[in-house]
2 protein chains.
Amino acid sequence: MGATKTEHFTDKQNAIATLAKALGHPARVAIIDYLLKVDACICSDIVNELPLAQPTVSQHLKELKNAGLIKGDIEGNTICYCIDEKALDKLQSYFANISTKLEKNKKDCC
Amino acid sequence: MGATKTEHFTDKQNAIATLAKALGHPARVAIIDYLLKVDACICSDIVNELPLAQPTVSQHLKELKNAGLIKGDIEGNTICYCIDEKALDKLQSYFANISTKLEKNKKDCC
DNA sequence: AATCTTTATCGTAATATTGCAATATCAATA
DNA sequence: TATTGATATTGCAATATTACGATAAAGATT
């Protein structure tokens with residue numbers, strides 16, 4: 001085996017898992033951090049910013065894009081990547097919701 | 001290769017990546033969902049709840065525990081797993097912070 | 001003590017991820 | 001049009017993840 005059994009879970013669970021997985025690598029977290037920092041959508045000095053070879057960075061960008069966390073527009077011979085707010089909003093509200101529930105329950109086991 | 005180059009990233013980036021990675025599988029999202037739903041720290045009917053074999057569930061629980069997302073206490077011959085608020089708070093504030101920054105920048109590229 | 005119940009571990013097969021060198025692509029510029 | 005610069009793709013090696021059957025461990029029950 002080795003393949004995730006996605007079909008047995010709800011769409012929502014799969015959606016969160018996909019987004020979380022995309023952020024499950026420090027390089028990809030670093031890319032998001034960088035895109036937030038340079039508040040214009042500066043393109044890929046990302047390669048210079050990261051301690052990884054260009055093909056590796058390109059691959060990480062692709063994964064972030066597939067997951068919907070970033071979008072990229074061609075702009076001449078470079079590409080302008082930027083954060084896709086929708087995906088991050090989804091994550092934000094997911095965790096905010098969890099925090100609310102945890103606050104309410106306030107059980108003291110474990 | 002194939003091993004993540006964690007040493008090149010910041011502690012914070014690695015910390016977020018570790019937590020996100022732990023949620024990067026629908027079964028583990030489902031486990032968190034379940035622990036939230038049963039508002040007592042009910043133990044492992046989790047196995048019955050999930051479409052996976054017991055050793056597989058046990059492995060997923062171990063990963064959530066290693067990442068710090070859940071904690072488990074032995075209680076007789078069963079184990080009481082429950083959500084570790086600290087980790088979820090960390091995620092919640094990470095994404096809340098991102099949302100705030102996105103709100104502020106409101107750039108319209110891409 | 002023998003058995004049951006619950007959970008963990010081991011071993012292993014299938015598959016996915018990570019990383020990079022080499023190469024391709026393609027728009028801009030000389 | 002030949003070259004440069006930015007990005008993507010291919011191919012491959014190393015490693016990690018996912019899943020589960022078999023088995024182990026250990027408290028509870030008979």
Side-chain angles (χ1 to χ4, degrees), chain A residues 1-9 13-14 17-31 34-35 41-67 69-82 110, chain B residues 1-9 13-14 17-31 34-35 41-67 69-82 110:
Chain A
M1 322 274 149
T4 296
K5 291 183 154 184
T6 49
E7 70 276 13
H8 294 309
F9 301 96
Q13 286 164 347
N14 281 310
T18 299
L19 293 173
K21 190 176 187 175
L23 284 174
H25 192 291
R28 296 195 290 265
V29 174
I31 290 172
Y34 182 73
L35 286 175
C41 284
I42 294 299
C43 323
S44 283
D45 342 68
I46 299 177
V47 173
N48 298 319
E49 195 71 11
L50 294 188
L52 295 169
Q54 180 269 323
T56 308
V57 172
S58 186
Q59 199 174 283
H60 283 306
L61 285 166
K62 193 177 170 186
E63 268 165 75
L64 285 170
K65 201 174 176 185
N66 284 343
L69 280 161
I70 63 176
K71 16 182 199 175
D73 269 356
I74 293 164
E75 189 163 294
N77 63 342
T78 62
I79 289 192
C80 168
Y81 279 116
C82 69
C110 298
Chain B
M1 319 275 151
T4 297
K5 290 184 151 185
T6 50
E7 68 278 14
H8 296 307
F9 301 96
Q13 285 164 347
N14 280 310
T18 299
L19 292 174
K21 188 176 188 177
L23 284 174
H25 190 291
R28 293 195 291 265
V29 173
I31 289 172
Y34 182 72
L35 287 175
C41 282
I42 293 299
C43 324
S44 284
D45 340 70
I46 299 178
V47 173
N48 297 320
E49 195 71 10
L50 294 188
L52 295 169
Q54 180 268 324
T56 308
V57 173
S58 186
Q59 201 173 281
H60 283 306
L61 285 167
K62 193 178 171 185
E63 269 164 77
L64 285 170
K65 202 175 175 185
N66 284 342
L69 281 161
I70 62 175
K71 18 183 196 172
D73 270 355
I74 293 164
E75 190 164 291
N77 63 341
T78 64
I79 289 191
C80 168
Y81 278 115
C82 68
C110 297

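Sequence lines set the chain letters: A, B, ... in the order given, protein chains first and strands last, and positions in each chain run from 1.
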Treating primed atoms plus P, OP1 and OP2 as sugar-phosphate and everything else as base, which nucleotides of nucleotides 21-30 of chain C get B, S or - for protein heavy atoms under 4.0 Å? BB----SS--
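Mapping A:Thr6 and A:Leu61 onto DNA chain D by nearest heavy atom places A:Leu61 closer to the 5' end of the strand.
A heavy-atom distance below 4.5 Å is not found between the side chains of B:Ile70 and B:Cys82.
Listed by first and then second residue, the side-chain hydrogen bond (donor to acceptor under 3.5 Å, both in side chains) pairs involving residues 58-67 of chain B are B:Arg28-B:His60, B:Arg28-B:Glu63 (not counting sequence neighbours).
Side-chain atoms of A:Asp73 do not come within 3.5 Å of backbone N or O of A:Cys80 as any donor-acceptor pair.
Residue A:Arg28 places its side chain closer to C:dT18 than to any other of C:dC20, C:dT18, D:dT18. If you check C:dT9, D:dA8, C:dG19 against the side chain of A:His25, the one that comes closest is C:dG19. The listed nucleotides are C:dG19, D:dC20, D:dT9; the one nearest the side chain of A:Ser58 is D:dT9. When each of C:dA8, C:dG19, D:dA19 is scored by its nearest atom to the side-chain atoms of B:Ile79, the top-ranked nucleotide is C:dA8.
The interatomic distance linking A:Glu63 (CD) with D:dA8 (P) rounds to 13 Å, in whole Å. What separates OH of B:Tyr81 from C1' of C:dT7 is a distance of 8 Å, to the nearest Å. We find that CG of B:Asn48 is positioned 9 Å from P of C:dT7, with the value rounded to whole Å. One interatomic measurement links the two molecules: CG of A:Leu23 to P of C:dT18, which rounds to 12 Å at whole-angstrom precision. Rounded to a whole Å, the NZ atom of A:Lys62 is 16 Å from the P atom of C:dG19. We find that CD of B:Gln59 is positioned 17 Å from P of D:dA22, with the value rounded to whole Å.
With sequence neighbours left out, the side chain to side chain contact (heavy atoms under 4.5 Å, CB included) criterion links B:Val57 to B:Ile46, B:Val47, B:Leu50, B:Leu52, B:Leu61. For B:Ile79, the side chain to side chain contact (heavy atoms under 4.5 Å, CB included) partners are B:Ile74, B:Tyr81, not counting sequence neighbours. Applying the side chain to side chain contact (heavy atoms under 4.5 Å, CB included) rule to A:Ala20 yields the partners B:Leu23; only residues at least two apart in sequence or on another chain are considered.
OP1 or OP2 of D:dC20 lies within a sub-4.0 Å distance of a side-chain N or O belonging to B:Thr56.
From A:Thr6, atom OG1 reaches atom CG of A:Asn14 across 5.5 Å, with rounding to the nearest 0.5 Å.
Residue contacts shown for B:Thr78 are limited to sugar-phosphate atoms, with no base heavy atom under 4.0 Å away. Here A:Lys21 lies in heavy-atom contact (under 4.0 Å) with sugar-phosphate atoms only.
For the helix from C:dA1-D:dT30 to C:dA30-D:dT1, the axis fitted to the five pairs at one end and the axis fitted to the five pairs at the other end meet at an angle of 10° (nearest 10 degrees).
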